[in-house]
Amino acid sequence: MRKNIIISFIWQHVLLLLSLYVMTLGVAVCVRSQLGSSVISTIPYVMASAGTIIDGVPSLTIGGYTIIMNAIFVAAQIMILRRKFEWVQLFQLVIGFFFGMLIDLNMAVTEWLESSDLWINALVQIAGCSILGIGIAMEVKCGSVTMPGEGITIAIHKITGWPFPKAKIRVDITLVAIAVVLCFVLLGSWQWQIVGVGTLFAMVYVGIVVRMVNRHLDWFDRLLSYKPGFRRYVYGLARLIKGGDNRQDRRS
């Protein structure tokens with residue numbers, strides 16, 4: 001029994017890493033659109049840009065600043081919730097670290113997407129937001145601790161009593177507003193490639209994608225319930241997914 005619990009835990013977090021990779025790929029693609037990054041990367045993008053031209057600002061990557069911001073989110077949750085903070089949520093620091101590292105990996109992978117054509121950038125932005133929405137839907141299904149960005153929203157929701165969607169919107173607006181202020185303070189002007197029309201688009205469109213994708217994630221639920229084993233790992237996994245598809249066809 002203990003062995004099965006450990007295997008299930010490891011498998012769950014392997015799929016969580018896969019979900020984080022998809023999410024960060026979406027984040028990187030949005031950055032490459034040059035029309036405005038996703039909300040979660042606006043502040044790290046500003047700071048990373050400032051670090052290349054201002055001596056007093058650490059020269060870190062977007063992923064590096066994302067790791068710092070996620071740590072700040074966790075610290076803020078502790079201050080807001082105090083004794084109500086569940087210490088297992090410190091695992092958010094680990095998730096936040098991998099999230100930042102994967103952003104840098106995907107920034108390198110997506111470098112070829114940069115273009116000077118507006119219509120191409122628009123398609124890149126739509127693709128990035130779509131990928132990000134798929135990754136978020138998968139991450140939620142994994143059922144592990146929340147992402148730090150979601151964790152701070154939950155903390156505010158618990159303390160204020162605001163409905164979660166309303167708290168989420170207010171947190172997103174606050175992050176974007178801080179990014180705009182930092183643009184003026186550190187970079188001297190509003191940087192539209194960082195906080196632009198693509199950012200506003202992402203605030204609306206990503207949520208729509210998450211809701212749509214959630215209806216079609218039965219295959220991911222089957223992956224989560226799969227019990228990996230050395231001898232049946234590849235064949236058994238393929239048969240499980242294929243068998244699930246066949247059952248779905250019969251129900252249709």
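This one's a predicted model, so the numbers in the text were calculated from it and none came from an experiment.
- Using a 30° and 60° split on the angle between ring planes, Phe201 and Tyr205 fall in the parallel class, below 30°.
- Donor-acceptor pairing under 3.5 Å is recorded for the side chains of Gln125 and Ser33.
- Arg32 places no side-chain N or O within donor-acceptor distance of the main-chain N or O of Trp112, the cut-off being under 3.5 Å.
- With contacts defined as side-chain heavy-atom distances shorter than 4.5 Å, the pair Asn70/Gln92 does not qualify.
- Each of Val197 and Val29 belongs to its own hydrophobic cluster when Ile, Leu, Val, Met, Phe, Trp and Tyr are linked at side-chain heavy-atom distances under 4.5 angstrom.
- A single hydrophobic cluster is seen to contain both Val31 and Leu187, as judged by linkage of ILVMFWY side chains at heavy-atom distances under 4.5 Å, directly or through other members.
- The CD1 atom of Ile68 sits 12.0 Å away from the CD1 atom of Ile43 when rounded to the nearest 0.5 Å.
- Remark: the backbone N or O of Ser38 is not paired with any side-chain donor or acceptor of Thr42 at under 3.5 angstrom.
- Counting heavy atoms from C-beta outward, Leu17 and Tyr21 have side chains that stay 4.5 Å or more apart.
- Within 6.0 Å of the CE atom in Met101, the count of heavy atoms belonging to other residues, nucleotides or ligands does not exceed 12.
- Looking only at distances, a side-chain donor or acceptor of His157 sits under 3.5 Å from a matching main-chain atom of Trp162.
- Side-chain N or O atoms of Asn121 include one that pairs as donor or acceptor with a backbone N or O of Ser115 at under 3.5 Å.
- Inter-residue side-chain proximity for Phe73 and Ile40 is flagged as met; some heavy-atom pair is nearer than 4.5 Å.
- Judged by distance alone, with hydrogens and angles left aside, the side-chain atoms of Ser37 form a donor-acceptor pair with the main-chain N or O of Ile194 at under 3.5 Å.
- Residues His13 and Phe98 place their aromatic rings such that the two centres sit no closer than 6.0 Å.
- In Phe85, the CZ atom is crowded: over 12 heavy atoms of neighbouring residues, nucleotides or ligands sit closer than 6.0 Å.
- Counting heavy atoms from C-beta on, the side chains of Phe99 and Ile67 never come closer than 4.5 Å.
- Residue Cys129 comes nearest to Cys30 through the heavy atom pair N-SG, 3.6 Å, listed as atom of the first residue, atom of the second, then distance.
- No side-chain heavy atom of Gln191 sits less than 4.5 Å from a side-chain heavy atom of Ser49.
- The side-chain heavy atoms of Asn106 and Val27, taken from C-beta on, include no pair separated by under 4.5 Å.
- Side chains of Ser41 and Tyr65 form no contact here, defined as non-hydrogen atoms less than 4.5 Å apart.
- A salt bridge links Asp172 and Lys168; the closest N-O separation between the charged side-chain nitrogens and carboxylate oxygens is under 4.0 Å.
- Each of Val210, Leu25, Val206, Val213 was evaluated against Ile134; a single residue qualifies, Val213, per the side-chain contact (heavy atoms from CB on, under 4.5 Å) test.
- For the pair Val74 and Gln89, the minimum side-chain heavy-atom distance is 4.5 Å or more.
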